[in-house]
Amino acid sequence: MAGVELLDIVKRFKNETVLEGVTLTVAEGETLVLFGPSGAGKTVLLRLIAGVVEPDGGTVRLDGRDMRDVPPELRNIGMAFQNFALFPHMNAFDNIASPLAARRKTAERVSEGVERVARLLKIDQVLTHRPRALSNGQKQRTALARALAASPSLLLLDDPLRNVDAKLRFEMRLELPRLLAAEGATTLYVTQDYKEAMALADRIAVMFRGRIAQLGSPAEVYLSPASLEIARLFGDPAINVLDVTPEQDSQGPFVRLSRLRAPIDPGLHHAVGKDCSLGLRPEAIRFVGGETTGAIPVTIEAETPLNEKIVTLVTTARGREILVSRPSGEPGPAQGQAHIAVDSAHALLFDRRTGLRIEPSRDDADVRGAAA
Amino acid sequence: MSEATLSLEGVSKVYNPGSAQAVQAVIDLDMQVTAGEIVALLGSSGCGKTSTLRMIAGFEEVSDGTIRLKEREIHRLSPARRNVAMAFEGYSLYPPLTVRDNIAFALKSARLSRDEIARRVAEVAHLLEIEDILGRYPSSISGGQQQRASLGRALVRDAHLHLLDEPMGQLEPQLRALLRGRIKHYIKERGMTAILVTHDQTEANALADRIAVMEGGVLQQFATPAALKDRPANLFTGTFIGEPPMNVFLAEVGAENGSLRLRLGDDAELTYAVTAFEEVVRSRLLERGRIAIGVRPHAVRLVEQGVPAHVAANQWLGDQSHIAAEFAGGLLVAVEHHRAPVRPGERIGVTFAPEDLHFFDVESGVAVSHGGRPA
Amino acid sequence: MEHTSTAERILRGIAIGAVVLFFIFPIFWILLMSFQTNETILRNPPSIAFVPTISNYVALLTGRLETAAGTLDISFMQNLKNSVILSVSSVAVALLLGVPAAYAFARHRFRGSEDIAFTLLSFRFAPPLLIVLPLALYFQDVGLADTYIGLIWVYQLICLPLILWIVRGYFEDIPADVEYAYRIAGHSWFATFRKIALPLAGPGIAAAGLLAFIFAWNNFVFALVLGSADKQPVTVGALAFVTASGIQFGQIAAAIVLSIAPTLALAIYAQRYLVEGLSLGAVKG
């Protein structure tokens, strides 16, 4: 039985349509991440499921039950908000206890329940504090504990790590999957951080302008993005995009990069002659010696350390800007002239007009499997 | 010394002095910013970075100490007389003016020619991608747009010093990444001096020449991004800078037959040739007996015959994998720059090269050694 | 180290002193007057020195006013009692009706909600006399004239819009997410109203209630037209001091002192709570 079923959900605010027919099924126990830029409709979708916002069209089913006219308090949901939404006049204990108290548990069961999640989230020392006396990290954990306290069948987490510092965000990113697996709840998780999405998701639903643009595993979304728009959202630094028009010769289809022939996936022969964009991930480009075949000469513009990577901005002879990334600690040129090698056979090709990815055709027997 | 454009000497800030709720927000801060430099004040909320910025801008009185800008004592002057431009975290645009007029406001007061104003506004609007909203009013644009307009209003001005308070906090990650590079270029091209307050180390690293790490009102370290990473002054900066954060373990130090032994929790032990560490480092380690070891996640090597660890999680982020493993009674994080094939529950071996080890004093947290050389 | 110099501190002290004097002086002067007889008050030239007397207070409390023209019965204590009954009941009724209404207006955008809210506010625009005169005729017919209930009803014209509009603002300041969080936790909307909205808007409700109380207490016209002597509050009752043989300044002063005492006491008692609430630090969490 599916945990959550959404059928053709439509939502308008005044004249603006924020959700345009969203259909989505989340399996029981699955963690599904809703990912997309702000204004895509992720948060509204979460609120519709929670029942605090009414859809203008479509059906929400939880555990197979139609949720029309079911108020939020009867949906057995736990939710954590981006701004925590703790009750400021209650201490952490009472905040976490509120879902248990609502389910009319005895005082003993309530404090058992609170202590269980408080220990799990390491906030058992601060239960008597009011929210204003808590650090940001403790607030975030309290909010999460409140969502988990009554062991709800569905967890809605609305960008819960957005307002905590990098260190804490990283720790929670490691901790959350285990926590969610232990609770066994179906989880819908909203985020704008692609790393969070990839680390936590069983499946990612990428949303743009009120629609789901792609639904798939982290590997599918990263390696085979449905459109250039999606490809640009995954990866830091973002994917390099070069305008190309594929050509063909006796050896198969290719594109020209700085006048050099760069072969592309043989299955892409149907893209020949089209205006296309070539997507090259910064980590798929390497610095090489000048004598390497197919090496492209470039000028190094700037080098920036980015966490565990070094990102180099280079320009080609034609002035195209390309970002190259390599693990920090790996040597590379810091200035002057250099050469780069591009694994064009695994590059992504997009139709420049529609922005959609052009998939290699698979009817040729000799075509290698697509990147995925 | 005469090079310093801005100098803070013994600057302190106490809120509610003398009362029971007295709060020491900034304690005895000394800092010199050179002309043309971009400096980031980095720390978590409540570390004193915003108080420092507001004291420089003149919105907050200095409780003690001196602030000089271009050889002139400014800490008693009103904000308007300090020749400082500021972009606010909370936007603070003038509601009755369009975005264009908001950005042009200070230029008009400075009596610049109409053409010059138009040129500069267009330039900064192009830089921040707000050309399409120049004619709109602040109430009709999004939070991110308001923030960019506020940033534009500060950047467009001529001032001795530009102060930017969390200038990109409301922007989306993609836009933020794009604007970082552009803003740095804009500031550098004009030789402006800027101080940026942020809690985001990626932003500080990308924009700043030097970063001042603050915690508890105290300046922990003031250095280049590379130096902060390679030579953290103490355990706080060590674990604060770097994403994922540095791994830290406590160890008992022992020496035996030409090797140095570091005994960690859960019977895990690291052994190194004594020659891997300089003489003075060895003696400092041995004299302490107990020491805190820091290792950056990307420096953790996964090898067959290393010290055993058990994989707890493996998260693949596209261009790298973050692996968390139970090790020496704690959790060890390793970064691999490919899709690592290990699964939770699996046993792996880990080693650390001596040049990747940082040692810190257990009590004070002060750095003892980096990569075998004294700190 | 403080930057302010000694001169600056002295100047600041003088400035604050001047402001305080300006506001406090009338109250202080009335307090002095209330302890003087009419003769000492009216002597020329005026003098600050006098022999204090409590005769004014005695007269008010016993209800017997000795004047040069003879003894006059005044019902000040009855007026004071009426003031208390009218103001307290009016504010109570207005809170009972206004707070839930304010919540509805703040949280639910139903059709015509803005119009209804504005209509309620517009009651405050009309000159009270214009409303009260026709109302007096109706009240005669339905038997509400000269009753507490009738007066309390009319007092809603003052109290209800005030409470509705102030409290609505406080409800709107509570982040909706905090209420959503409580409902999703499993509580009904009514529990959410009682356990989240009411406590968080509490200081605002108290402030609005206090303000409404002061307006109700100081009302003059409604009771003048719609009530007879035994239902009239102190504001109207004070007219009795304007006697045929002259104005009884001493008693008026004493009456003022007695009638502002409850509101003043209430305001001082509530002050700390109000300031804390009005700064709204609590909701921001």
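Labels below follow one simple rule: chain letters A, B, ... track the order of the sequence lines, proteins then strands, and each chain is numbered from 1.
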Asks: What part of Ile77(A) gets closer than 4.5 Å to chain C, counting heavy atoms only: side chain, backbone, both or neither?
Replies: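 For Ile77(A), heavy atoms of backbone and side chain both lie under 4.5 Å from chain C.
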Asks: Could you grab the distance from atom CZ of Arg183(C) to atom CD of Glu73(A), nearest 0.5 Å is fine?
Replies: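 These two atoms lie 4.0 Å from each other.
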Asks: Can you confirm whether more than 12 heavy atoms, excluding those of Ile149(C), are under 6.0 Å from its CD1 atom?
Replies: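 Result for CD1/Ile149(C): open.
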Asks: Using side chain to side chain contact (heavy atoms under 4.5 Å, CB included) as the criterion, point out the one residue from Pro152(A), Pro71(A), Pro72(A) that pairs with Ile184(C).
Replies: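 When side chain to side chain contact (heavy atoms under 4.5 Å, CB included) is applied between Ile184(C) and each of Pro152(A), Pro71(A), Pro72(A), only Pro72(A) qualifies.
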Asks: Which heavy atom of Phe87(A) sits nearest a heavy atom of Val178(C), and at what distance?
Replies: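 Answer, listing the atom of Phe87(A) first, then Val178(C): CE2-O, 3.3 Å.
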Asks: Work out which heavy atom in Met90(A) is nearest to a heavy atom in Lys195(C); give both atom names and the distance.
Replies: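 Result for this residue pair: CE-O, 4.3 Å.
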Asks: Out of Met79(A), Arg130(A), Arg75(A), Arg47(A), which one racks up the most heavy-atom pairs below 4.5 Å with chain C?
Replies: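 Ranked by contacts with chain C, first place is Arg47(A).
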Asks: Does Phe23(C) CZ have over 12 foreign heavy atoms under 6.0 Å away?
Replies: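 Not more than 12 within 6.0 Å, no.
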Asks: Name the region of Arg146(A), side chain, backbone, both or neither, that has any atom closer than 4.5 Å to a heavy atom of chain C.
Replies: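 When you check distances to chain C, only side chain atoms of Arg146(A) fall under 4.5 Å.
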Asks: Residue by residue, which of residues 95-106 of chain A have a heavy atom closer than 4.5 Å to a heavy atom belonging to chain C?
Replies: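 Within residues 95-106 of chain A, near chain C: Ser98(A), Pro99(A), Ala102(A), Arg103(A).
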Asks: To the nearest 0.5 Å, what is the distance between CZ on Phe84(A) and CG on Asp177(C)?
Replies: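 Phe84(A) CZ to Asp177(C) CG: 12.0 Å, rounded to 0.5 Å.
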Asks: Considering residues, nucleotides and ligands other than Phe28(C), do more than 12 of their heavy atoms fall under 6.0 Å from its CZ?
Replies: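 At most 12 heavy atoms, drawn from other residues, nucleotides or ligands, come within 6.0 Å of this atom.
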Asks: Quick check on Glu114(C): does its CD atom have over 12 non-hydrogen neighbours (other residues, nucleotides or ligands) under 6.0 Å away?
Replies: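 Check passes, neighbour count above 12.
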Asks: Can you tell me which of Ala176(C), Ala191(C), Ser188(C), Gly186(C) forms the most heavy-atom pairs within a distance under 4.5 Å of chain A?
Replies: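 Heavy-atom pair counts peak at Gly186(C).
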Asks: Counting only heavy atoms from other residues, nucleotides and ligands, does the tally under 6.0 Å from CH2 of Trp165(C) exceed 12?
Replies: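 Check passes, neighbour count above 12.
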